[in-house]
Amino acid sequence: MANEAVKYVWEGAIPLQIHLHKSDVASHPSPPPALVLAPRIGYLPLLIPHIKPYFKDSLPPGEDSIWFDYKGVPLKWYIPTGVLFDLLCAEPERPWNLTVHFRGYPSNILIPCEGEDSVKWNFVNSLKEAQYIINGNCKNVMNMSQSDQEDLWTSVMNGDLDAYTKLSPKLKMATIEDEFSRKASLSSPQSRQGATEMDVAGQIKTARVPVRLYVRSINQDFENIEDVPGIDTWDDISYLNRPVEFLREEGKCFTLRNAIESLLPEFIGDRAQTSGEERSRDDDNTEEADGLLREMGEIKLARIQGIEMKLEIPFSWVVNNLMNPEFYLHISVLVKAPQR
Amino acid sequence: MNSGREVSDGRLTVEGFSVAARAFADKWKIHNQSFPPWSWVPLINRTLHLSNQQEEGYLSLEEILILSSLEESPEDESLNVATDCLEKEESVDHTILVQNQENEAHYYDFHIVYSSSYKVPVLYFRGYCSGGQPLSLDVIKKDLPSCSVSLLHESKWTFITQEHPYLNRPWFKLHPCGTEDWIKLLSQSSISTGCQMPVDLYLVSWFSVVGQVVGLRIPLEMLN
């Protein structure tokens, strides 16, 4: 049931320009940077077989322990490449300039990575967690045969959407009812018969959706997005690995804004009313209204799969079309912090 | 009102976790005085929250000095914890120190963190030397009592290296999958009213099992 949006997501890629860190350069002259096209849904360690040939003649003797940094910030290898890009580059940089290290792994900051095995293991664990959130248990992933699990992982590694689409039904993930996707798929051979028909996994009314929210908070407004300063450390990012829970109600649309606000309640738009109950609701009282606005934070930007999202989009559409292969929706958010 | 006061499916809400955590910390303080108390660390994130409406947080027990006894006593399955734990401000006289296999002092931090995905508590821990260098899992396993090492081999319990959900550093955690199943079993055997377990007792019961894996035992009085 691959639709346009899912294809777009799987084909998304970031051009990288990868520089060897000067302390790892044992040759003269130092090697030119490697140019690699990195799949958005992939992970940096998977690129190493493509990168290493460029640099192997320049490396000092010894064992490799490979890691990447962007402007001095070590990159967390288990975060999909596209998410790292959306989060760390306020203004998208093309190509994205990264530095690769072959020595001196910062094991006090980054969890260890033993190449593809670590990345696969992380993927499967995220998949289990996502399934637990969606289905209430992770038995389908656990019961999947070893070879099916391997094939699923391989399809992700190779960006093979066709192979993935054949295998993912074995996961029997419950789906979120979504009027918008269904319209598009009515013309496809696998279209659903009607609104009330249940598929194998069942469509659910109360949804628990796996979300990973990455929040960058700034204290002031910026004219241009490129003026937003980069982060110095990961402590500048708040990471929330927490499901969005929502009840599907007739006639009501649960939007992306609703979803983000449910995870970050201090940004809720109507907070002004609840906190201002003792005050007059007269909007002419602009001074007080300004004061209240300053107390609230503001969602400046939300990026998913490189797209700057309109917050009023129905959340169910976003989930069904923009999630990653492990069934997590990764959202990078830029917020202006509440002011005192 | 049943909501929040009792647990029947082995899982906790985030509010239930806060309640259970305070109850656990209080009982620990009363009954387990050979250890320092657990502290509650609220999740007031400096980049986001002005006021944390619904206080979320985790329990923290830190700088536990772990020693390996030179005389093996198989009956004693708990860690030999130094009765003086290192205070941040004070310098402590370690006259009762017994050297461990590495010939240096090992410190351990334990955090009990709520998992919103699995709706159960998860134990995170790490070990480090006095210089702050992290200890590897091999070294940590040597510090743990031998019974937990065999528990690990049953692969019921797995230690995973994973980033701490809030601290941006690698920690170890005990994999939570399956927690709600054995919590349900615990509640069946201890309370006559089916699978109900009062929220206050959740973490105490949970820790009576989980703590053993890392060699932290709790006195039986805590379970009352």
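Below, read A as the first sequence line, B as the second, and so on, with proteins coming before strands; counting in each chain starts at 1.
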### Query
Between the side chains of B:E163 and A:Y78, is a donor N or O closer than 3.5 angstrom to an acceptor N or O?
yes

Separation of [Y] [atom2] from [X] [atom1] (nearest 0.5 Å):
X	Y	atom1	atom2	result
B:Y118	A:I133	OH	CD1	8.0 Å
B:Q133	A:N108	CD	CG	10.5 Å
A:T233	B:N168	OG1	CG	7.0 Å

### chain A contact via B:R11 - which portion, at a heavy-atom distance below 4.5 Å
side chain

### Task
Could you look at B:Y166 and say if it's the side chain, the backbone, both or neither that has a heavy atom under 4.5 Å from chain A?
side chain

### Message
Within the 4.5 Å heavy-atom criterion, are A:S107 and B:P134 side-chain neighbours or not?
### Response
no

### Query
Taking C-beta and beyond as the side chain, do B:T161 and A:P112 meet within less than 4.5 Å on heavy atoms?
yes

### Query
Which bit of A:Q131 is near chain B, if near means a heavy-atom gap under 4.5 Å: side chain, backbone, both or neither?
neither

### Query
What part of A:I218 lies closer than 4.5 angstrom to a heavy atom of chain B: side chain, backbone, both or neither?
neither

### Task
Give the minimum heavy-atom separation between B:S117 and A:Y328, together with the two atoms involved.
OG-OH, 3.9 Å

#### Entry: A:R242 versus B:S116, closest heavy-atom pair with distance
CG-OG, 3.8 Å

### Query
Would the number of heavy atoms belonging to other residues, nucleotides or ligands and lying under 6.0 Å from NZ of A:K170 be above 12?
no

### Task
Apply the test salt bridge (charged side-chain N to carboxylate O under 4.0 Å, His left out) to residues B:K119 and A:E245: give CA-CA distance (whole Å), side-chain angles for both, the deciding distance (0.1 Å), then the verdict.
CA-CA 13 Å; B:K119 295 195 159 184; A:E245 303 196 9; 3.7 Å; yes

